Chemist: 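Have a look at this one.
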Amino acid sequence: MCGIVGFVGEDENALPFLLEGLQRLEYRGYDSAGVAVVQENHLTVEKRQGKLQRLVEALTTTSVRGSCGIGHTRWATHGRPTDQNAHPQLDCHGQIAVVHNGIIENYQTLKAELMARGHHFRSETDTEVIPHLLEEYGGLDDLKTAVERAEARLTGAYAFLAISATHPDQIVAVRRSSPLVVGLGERTNYLASDFTAFLRHTRRAVVLDNGDLAVIRPWSVEIHDANGVAVERPVLHIDWTLDQAERGGYPHFMLKEIMEQPEAWADCLLGRIERGRVVEEALGLTAEELKAIRRVVMVAAGTAYHAGLVGRVLVESLAGIPVEVDVASEFRYRRPLLEPGTLVVAISQSGETADTLASVSLAKEMGLKVWAVTNTVGSTLAREADTVGYTYAGPEIAVASTKAYTTQILLLTLFAIALAQAQGRAYPELAEQVLSLPEAGKSVLSAMQGLHGLGQELAQHRDVFFIGRGLDWALAQEGQLKLKEISYLHAEAYAAGELKHGTLALIEEGVPVIAILTQPELADKAISNVLEVKARGARVWAVVSANLSGVPADRLIPIPATAPLLAPVLAAIPLQLLAYWTAVSRGEDVDQPRNLAKSVTVE
Ligand code: G6P
């Protein structure tokens, strides 16, 4: 997820607008930023690795004036955060500039083709193929036609803006899956990843549809749909405050990030499953490397550790390879016994957690290979690990992790299938079902309105118990952490079969128990555990897969039926929302809970 902005007007205010717009979009990415402005038939380009402020400082001594320009704030996906990889990306002669959000899946093939035709590439990004394609297709003469032709060559989910030195009064914009909106001003028009960037200037906006190509001039907005037919899109009046707009209209980043999960899952899966097989290289591993793995050790902290607990069940079930999961702060001090043939999987949203990094150093000292699962390109973990699989969830701002967690599970699911493939066992049906999860996620989200009331109810209690078996137990552990960290209620997760060895003593009249039942194989046993707690007076709310019946709960929270191994990502959503609504009911600071930090870079 990156932020893109564009300005085309009759006065020369492009630069101040671009910098202001980027500042509003900084929440979408902040590892580097850049702008390109057309000035007297010449492109002035400035970009800097690091926070936007570095770019602003670099521009204070320049006198860039222009009435057409584009800007970008980056959250790296392809290529580390460096000046060269920052956007805008340019053609060979620096006359066409492009800013881009999303992923161009087939960039390697296109890059090889363009290089063979003599194009000179300067970055490691997927984006750079676009300006070179535009150059190839005559973008300096007719930018719109060149964009149409280039777009026909691209696969992936993205949005981009293109300008050229020879078109000082137009921006050509394309939207395919990634968001893009147009702001309609007085003899000035704006483009941005979301309304926040231009709300201070105009509240009239047009949301581009998937497949739209738009030519924006100071006095006109021309839109063509995916079939090239000229279309009119409705003009909306946006009455959000700036603060609301930054959170996509949601009251908290956590809720926004919960709602973004289907999109994050689609980004995470993009280009990773083809014809029923996981593409090993798209995980950062080769089939040979996978074949050599005899044992897997996962290390992580917090929510990422809980993703590892799910990953263990997936890898052991699908690939039949033994897995250990360890909390990084324990692993690093327990002198682990690691033999050759072990792959260490380090899972971390930020890629900066001190204990996880120390575990990686230890594993490397022992001569083991480390595969990182992280959301942050250019993080210390991504640099220290031998190889990396990115989760592509986009920046996560709320301290309580949601979309990073479910994308970690997705990536571990693909890893488990890839490991099985390496041993000659493919799971084509399962791989295809993985691709349907973003759609299933959308239907879970739209069915969860009622959780608001359950959150209010839960907020009245002091202790909450989460129970489950197998994968559901792994998920229960994340459910209790979510609730605990933002609502400050006391919550515990138990393997449902362990209740009778102690915890059952704590169950009394009215105590809330959240039961998770998504695994048909274990359903009968889990139902007995529900009956056990109910017999002691517990009030049971059950998150249940739609294909399981006869769960004797006080309240059922159904999720769509899917392959049991894929249920955790869907079942995670109601647990996240339950925690969210409980914390809101209690009036707690949802995005920044007391005593906690997003990234723990100290021991
Ligand atoms: C902190 C955060 C958690 C996160 C954990 C691990 O405790 O508050 O949300 O799960 O660190 O962070 P990482 O970036 O390594 O995934």
Side-chain angles (χ1 to χ4, degrees), residues 30-31 75-76 252-258 260-261 264 268 297-311 325-332 344-363 370-385 388-412 474-488 491 493 568-569 572 575-576 579-580 583 588-603:
Y30 35 76
D31 61 39
W75 177 258
H252 299 101
F253 277 110
M254 183 181 177
L255 185 57
K256 172 175 178 279
E257 287 158 7
I258 291 172
E260 267 169 7
Q261 287 179 107
C268 175
V297 173
M298 299 187 184
V299 285
T303 289
Y305 166 72
H306 293 153
L309 294 178
V310 174
V325 190
D326 221 334
V327 169
S329 56
E330 288 296 317
F331 177 88
R332 63 183 290 194
V344 174
V345 177
I347 312 166
S348 170
Q349 188 285 128
S350 62
E352 302 295 347
T353 300
D355 287 318
T356 308
L357 293 175
S359 302
V360 167
S361 304
L362 178 67
V370 177
W371 180 53
V373 170
T374 182
N375 196 30
T376 315
V377 179
S379 58
T380 311
L381 176 60
R383 281 182 275 121
E384 308 261 303
V388 189
Y390 291 107
T391 46
Y392 297 134
E396 197 179 59
I397 311 289
V399 166
S401 182
T402 52
K403 61 178 182 170
Y405 169 68
T406 48
T407 51
Q408 284 160 354
I409 295 178
L410 272 189
L411 202 55
L412 292 172
L475 193 58
Q477 294 178 66
E478 175 60 7
Q480 61 86 28
L481 176 64
K482 281 290 87 77
L483 187 68
K484 216 183 254 180
E485 64 184 338
I486 58 170
S487 77
Y488 316 147
V569 287
L575 300 180
Q576 296 165 344
Y580 174 78
E588 307 300 357
D589 185 346
V590 173
D591 285 337
Q592 293 182 333
R594 69 183 181 207
N595 308 341
L596 300 178
K598 182 71 189 155
S599 180
V600 183
T601 53
V602 291
E603 209 184 318

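Note that this is a predicted model, so its numbers are computed, not measured. Counting convention: from 1, in listed order, for ligands and their atoms alike.
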Chemist: Looking only at distances, can you tell me whether any N or O atom of Thr303, backbone or side chain, sits closer than 3.5 Å to an N or O atom of ligand 1?
Modeler: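 Yes - when backbone and side-chain N and O of Thr303 are compared with those of ligand 1, one distance drops under 3.5 Å.
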
Chemist: Can you find an N or O of Gly351 that's nearer than 3.5 Å to an N or O of ligand 1?
Modeler: no

Chemist: Under 3.5 Å between some N or O of ligand 1 and some N or O of Ser350?
Modeler: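 In this structure, Ser350 places an N or O atom under 3.5 Å from an N or O of ligand 1.
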
Chemist: Does Thr374 reach the main-chain N or O of Ser348 with its side chain, forming a donor-acceptor pair under 3.5 Å?
Modeler: yes

Chemist: Is the side chain of Tyr580 donor-acceptor paired with the backbone N or O of Ile258 at a distance under 3.5 Å, no angle test?
Modeler: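 No.
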
Chemist: What protein heavy atom sits nearest atom 12 (O) of ligand 1, and how far off is it?
Modeler: Thr353 OG1, 3.3 Å

Chemist: Atoms of ligand 1 less than 4.0 Å from Ala597 heavy atoms?
Modeler: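 Those atoms are 1 (C), 2 (C), 8 (O).
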
Chemist: Is any side-chain heavy atom of Val310 closer than 4.5 Å to one of Tyr405?
Modeler: yes

Chemist: May I ask you to check whether Gly302 has an N/O atom sitting below 3.5 Å from an N/O atom of ligand 1?
Modeler: no

Chemist: Nearest heavy atom to atom 6 (C) of ligand 1 wins, so pick from Pro593, Ala300, Ser379, Ala301.
Modeler: Ala301

Chemist: Look only at interatomic distance and state if Glu485 has a nitrogen or oxygen under 3.5 Å from any nitrogen or oxygen of ligand 1.
Modeler: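 Among all N and O atoms of Glu485, none is under 3.5 Å from an N or O of ligand 1.
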
Chemist: Counting N and O atoms only, with roles assigned by atom type, does the side chain of Glu257 sit under 3.5 Å from a partner on the main chain of Ile397, one being a donor and the other an acceptor?
Modeler: yes

Chemist: By number and element, which atoms of ligand 1 are closer than 4.0 Å to a non-hydrogen atom of Val399?
Modeler: 8 (O), 9 (O)

Chemist: Judged by atom type as modelled, is there a donor-acceptor pair below 3.5 Å linking the side chain of Gln480 to the main-chain atoms of Gln477?
Modeler: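 Here the side-chain-to-backbone pair exists.
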
Chemist: Please determine whether side-chain hydrogen bond (donor to acceptor under 3.5 Å, both in side chains) holds for the pair Thr391 and Lys403, giving the CA-CA distance in whole Å, both sets of side-chain angles, and the decisive distance to 0.1 Å.
Modeler: CA-CA 9 Å; Thr391 46; Lys403 61 178 182 170; over 6 Å; no

Chemist: Between the main-chain N or O of Gln349 and the side-chain N or O of Thr376, is there a donor-acceptor pair closer than 3.5 Å?
Modeler: yes

Chemist: Pick one of side chain, backbone, both or neither for how Ala400 approaches ligand 1, counting any non-hydrogen atom pair under 4.0 Å.
Modeler: neither

